[in-house]
Asks: 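Before we start, here is the structure in question, set down as structure tokens.
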Amino acid sequence: MPSLTFHWFLPTYGDSRHVVGGGHGVPTGSAGGERPATLGYLTQIARAAEDLGFEGALTPTGAWCEDAWLTTAMLARETERLKFLVAFRPGIIAPTLAAQMAATFQRHSGGRLLLNVVTGGESHEQRAYGDFLAKDDRYARTGEFLDIVRELWDGKTVDFTGEQLRVAGARLARVPDPVPAVYFGGSSPAAGEVAARAADVYLTWGEPPAEVERKIAWVRELAGRAGRRVRFGIRLHVITRDTAEAAWAEAQRLLDGFSPEAIRTVQAGLARSESEGQRRMLALHGGRTDGLEIAPNLWAGIGLVRGGAGTALVGSHAEVAERIVEYQRLGIEEFILSGHPHVEEAYWFGEGVLPVLRDAGLWRHPAARDEGSTAAAQIPFAAGAGR
């Protein structure tokens with residue numbers, strides 16, 4: 001059975017012991033928190049994630065946070081192994097430039113770039129960046145964008161004329177090595193088609209297992225028609241403690257920090273979102289503060305004051321591990337996690353849940369995997385030398 005992969009999150013909009021708002025439909029400048037997103041603080045999070053055994057760290061994109069490319073390029077110098085899952089929007093950057101940036105990042109970081117392609121679900125925010133396409137047109141452009149980028153990464157000279165994009169004589173001086181994996185999410189029919197054609201990993205936000213199972217079947221079928229296989233990942237928050245009572249007490253503490261005014265303001269903004277995924281997140285709680293455990297150990301409270309991923313796994317270390325195994329049995333191989341605050345919650349999960357999964361044979365620390373690969377690679381050489 002393959003080892004599960006876990007990624008952490010870099011809050012480039014600030015951090016706190018309370019939930020920091022931001023994301024889909026939330027006004028620019030509304031994020032923040034008691035811990036500013038300085039390079040020093042983000043380095044603390046990145047190093048903690050690296051030491052604990054997270055494979056990489058997702059860095060968000062949007063007007064409400066720092067630029068992901070620049071931030072992670074700086075953090076690459078402060079870490080050794082951790083990969084960076086850089087979120088970016090195809091409508092804001094030309095495909096040839098993005099392909100070149102990825103190749104440069106891979107060379108200077110030692111191959112530690114992963115890419116989260118975000119089409120963009122909010123027309124008002126896209127327009128602020130000079131992008132005036134409608135939602136379905138944005139997805140069509142994303143598909144064309146990825147077609148161009150992948151041909152460039154293959155070392156080809158690209159002449160392309162599509163409905164949204166056009167390049168002539170595009171070519172990279174040096175291709176990325178390795179080619180970064182492309183992570184992509186979306187719940188609309190247009191998103192499914194792009195994922196099936198161009199994604200390496202399809203991402204879903206943390207919905208109840210039955211809904212995740214249906215989504216996996218949907219994308220798997222679309223990918224099969226395209227003659228491709230797609231891996232699957234899930235984006236969740238986590239609140240894990242030594243006991244279930246302690247974990248739920250922490251969830252209640254966070255909930256107690258949400259003022260009715262803050263909930264109304266955020267929910268009004270999120271209701272205007274064009275994102276199907278965001279609509280599904282809102283439907284999980286309906287703006288209510290009761291009945292938030294929507295499936296065993298799956299809590300929808302985060303989504304009351306934050307756009308994007310709005311659910312958290314809450315429980316004892318053993319319970320959270322059980323829920324992860326439940327998603328794994330559905331086909332989820334990668335987990336992108338976060339928690340408030342991000343330094344402390346990385347340790348709660350890394351020292352509490354990961355050992356449970358390790359002992360069950362479902363996870364290995366990346367450093368241990370690397371050491372195992374090195375040892376295996378040395379065996380044939382040693383045997384040959386002895387003959």
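In what follows, residues are counted from 1 in the order of the sequence shown.
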Asks: Determine the minimum heavy-atom distance between Ala37 and Gly14, stating which atoms define it.
Replies: CB-N, 3.7 Å
Asks: Where is the tightest heavy-atom contact between Ala199 and Arg150, given as atom of each residue plus distance?
Replies: C-NH2, 4.4 Å
Asks: State, with a plain yes or no, whether a side-chain heavy atom of Tyr139 is found less than 4.5 Å away from one of Ser188.
Replies: yes
Asks: Whether Glu333 and Arg229 form a salt bridge (side-chain N of Lys/Arg under 4.0 Å from carboxylate O of Asp/Glu) is what I want to check.
Replies: yes
Asks: Can you tell me if Asp242 and His317 form a side-chain donor-acceptor pair at under 3.5 Å?
Replies: yes
Asks: How are the rings of His342 and His340 set to each other: parallel, tilted or perpendicular (split at 30° and 60°)?
Replies: perpendicular
Asks: Are Val238 and Leu52 connected in a single hydrophobic cluster, I mean Ile/Leu/Val/Met/Phe/Trp/Tyr linked by side-chain heavy atoms less than 4.5 Å apart?
Replies: yes
Asks: For Arg253, I'd like to know if atom CZ has over 12 heavy atoms of other residues, nucleotides or ligands within 6.0 Å.
Replies: yes
Asks: Check whether any side-chain heavy atom of Leu114 sits under 4.5 Å from a side-chain heavy atom of Leu58, and report yes or no.
Replies: no
Asks: Is the closest side-chain heavy-atom distance between Val343 and Ile45 below 4.5 Å?
Replies: yes
Asks: Please give me the minimum heavy-atom distance between Thr96 and Ala170, naming the atom from each residue.
Replies: OG1-CB, 3.6 Å
Asks: Which label fits Tyr13 and Trp64: parallel for a plane angle under 30°, tilted from 30 to 60°, or perpendicular past 60°?
Replies: tilted
Asks: Taking atom types as modelled and ignoring hydrogens, do the side chains of Ser338 and Arg235 form a donor-acceptor contact shorter than 3.5 angstrom?
Replies: yes
Asks: In Å and rounded to the nearest 0.5 Å, what is the CG to CG distance from Leu82 to Leu75?
Replies: 9.0 Å
Asks: Without swapping roles, check the side chain of Arg197 against the backbone of Ala226 for a donor-acceptor pair under 3.5 Å.
Replies: no
Asks: Kindly indicate whether the side chain of Asp154, heavy atoms from C-beta on, has any atom under 4.5 Å from the side chain of Val175.
Replies: no
Asks: Do Ser187 and Arg279 get their side chains close enough for a donor-acceptor pair, meaning under 3.5 Å?
Replies: no
Asks: To the closest 0.5 Å, what do you measure between CG (Leu292) and CG (Leu284)?
Replies: 10.0 Å
Asks: Closest heavy-atom contact between Phe184 and Ala191?
Replies: CE2-O, 3.4 Å
Asks: Is the shortest side-chain heavy-atom distance between Glu151 and Asp147 below 4.5 Å?
Replies: no
Asks: I need the minimum non-hydrogen distance between Leu115 and Ala102, along with the two atoms involved.
Replies: CD1-CB, 4.3 Å
Asks: Any donor-acceptor pair under 3.5 Å linking the side chain of Gln278 with the backbone of Gly307?
Replies: no
Asks: Would Arg138 and Glu274 count as a salt bridge (Lys or Arg N to Asp or Glu O under 4.0 Å) if you check the C-alpha gap in whole Å, the side-chain angles of each, and the deciding distance to 0.1 Å?
Replies: CA-CA 12 Å; Arg138 292 198 295 269; Glu274 299 171 8; 3.1 Å; yes
Asks: Measure up the Phe54 and Trp8 rings against each other and bin them: parallel (under 30°), tilted (30 to 60°), perpendicular (over 60°).
Replies: tilted
Asks: Assign the ring pair His7 / Tyr183 to parallel, tilted or perpendicular, where the plane angle (0 to 90°) is split at 30° and 60°.
Replies: perpendicular
Asks: Just by modelled atom types, is the Leu165 backbone N or O under 3.5 Å from a matching donor or acceptor in the Arg141 side chain?
Replies: no
Asks: When you measure from the side chain of Glu144 to the backbone of Gln164, do you find a donor-acceptor pair of N or O atoms at a distance under 3.5 Å?
Replies: yes
Asks: Got a donor-acceptor contact below 3.5 angstrom from the Glu319 side chain to the Ser316 backbone?
Replies: yes
Asks: In terms of side-chain geometry, is the basic nitrogen of Glu326 or Arg323 positioned less than 4.0 Å from the acidic oxygen of its partner?
Replies: yes
Asks: Using only atom types and a distance under 3.5 Å, with no angle test, would you say the side chain of Gln106 pairs donor to acceptor with the backbone of Arg112?
Replies: yes
Asks: Taking NZ, NE, NH1 and NH2 as the nitrogens, is one of them in Glu125 or Arg89 under 4.0 Å from a carboxylate oxygen of the other?
Replies: yes
Asks: Going by atom types alone, do Thr12 and Thr71 pair a side-chain donor with an acceptor below 3.5 Å?
Replies: no
Asks: Do the non-hydrogen side-chain atoms of Gln267 and Leu270 ever get within less than 4.5 Å of each other?
Replies: yes
Asks: Measure the spacing between OG1 of Thr59 and CG of Leu10 and express it to the nearest 0.5 Å.
Replies: 4.0 Å
Asks: Any side-chain heavy atom of Tyr202 sitting closer than 4.5 Å to one from Trp218?
Replies: yes
Asks: Report whether Met101 and Met74 are members of the same hydrophobic cluster (ILVMFWY, side-chain heavy atoms less than 4.5 Å apart, transitive linking).
Replies: yes
Asks: Checking the side chain of His237 only, and the main-chain atoms of Ala309 only, is there a donor and an acceptor separated by less than 3.5 Å?
Replies: yes
Asks: Are Val356 and Trp363 connected in the hydrophobic side-chain network, where two residues link if heavy atoms are under 4.5 Å apart?
Replies: no
Asks: Working to the nearest 0.5 angstrom, can you tell me the gap between Glu334 CD and Asp200 CG?
Replies: 9.5 Å
Asks: Measure the spacing between CG of Leu337 and CZ of Phe9 and express it to the nearest 0.5 Å.
Replies: 11.5 Å
Asks: Between the side chains of Glu345 and Arg241, is the shortest nitrogen-to-carboxylate-oxygen separation below 4.0 Å, so that they form an ion pair?
Replies: yes
Asks: Does one hydrophobic cluster hold both Trp348 and Ile239, with members joined at side-chain heavy-atom distances below 4.5 Å?
Replies: no
Asks: Quick one: are Pro208 and Leu298 in side-chain contact, heavy atoms under 4.5 Å?
Replies: yes
Asks: Can you tell me how the ring of Phe88 sits relative to the ring of Phe145, calling it parallel under 30°, perpendicular over 60° and tilted otherwise?
Replies: tilted
Asks: Is it true that a side-chain atom of Asp67 and a backbone atom of Trp69 form a donor plus acceptor pair closer than 3.5 Å?
Replies: yes
Asks: Quick one: pull up CG in Leu146 and CH2 in Trp153 and give me the separation to the nearest 0.5 Å.
Replies: 7.5 Å
Asks: Using the rule given for salt bridge (Lys or Arg N to Asp or Glu O under 4.0 Å), can you reason through Glu211 versus Arg214, listing the C-alpha separation, both sets of side-chain angles and the distance that settles it, and then say yes or no?
Replies: CA-CA 5 Å; Glu211 297 301 317; Arg214 279 189 281 270; 2.2 Å; yes
Asks: Are Leu97 and Phe160 linked, directly or through other ILVMFWY residues, by side chains that come within less than 4.5 angstrom of each other?
Replies: yes
Asks: Any side-chain to backbone donor/acceptor pair from Lys215 onto Thr204? Under 3.5 Å, distance only.
Replies: no
Asks: Around Arg107, counting heavy atoms of other residues, nucleotides and ligands shown, do more than 12 lie under 6.0 Å from its CZ?
Replies: yes
Asks: With the threshold set at 4.0 Å, does a side-chain nitrogen-carboxylate oxygen contact exist between Glu344 and Arg35?
Replies: yes
Asks: Does the Asp159 side chain pair with the main chain of Gly169, one donor and one acceptor, at a distance under 3.5 Å?
Replies: yes
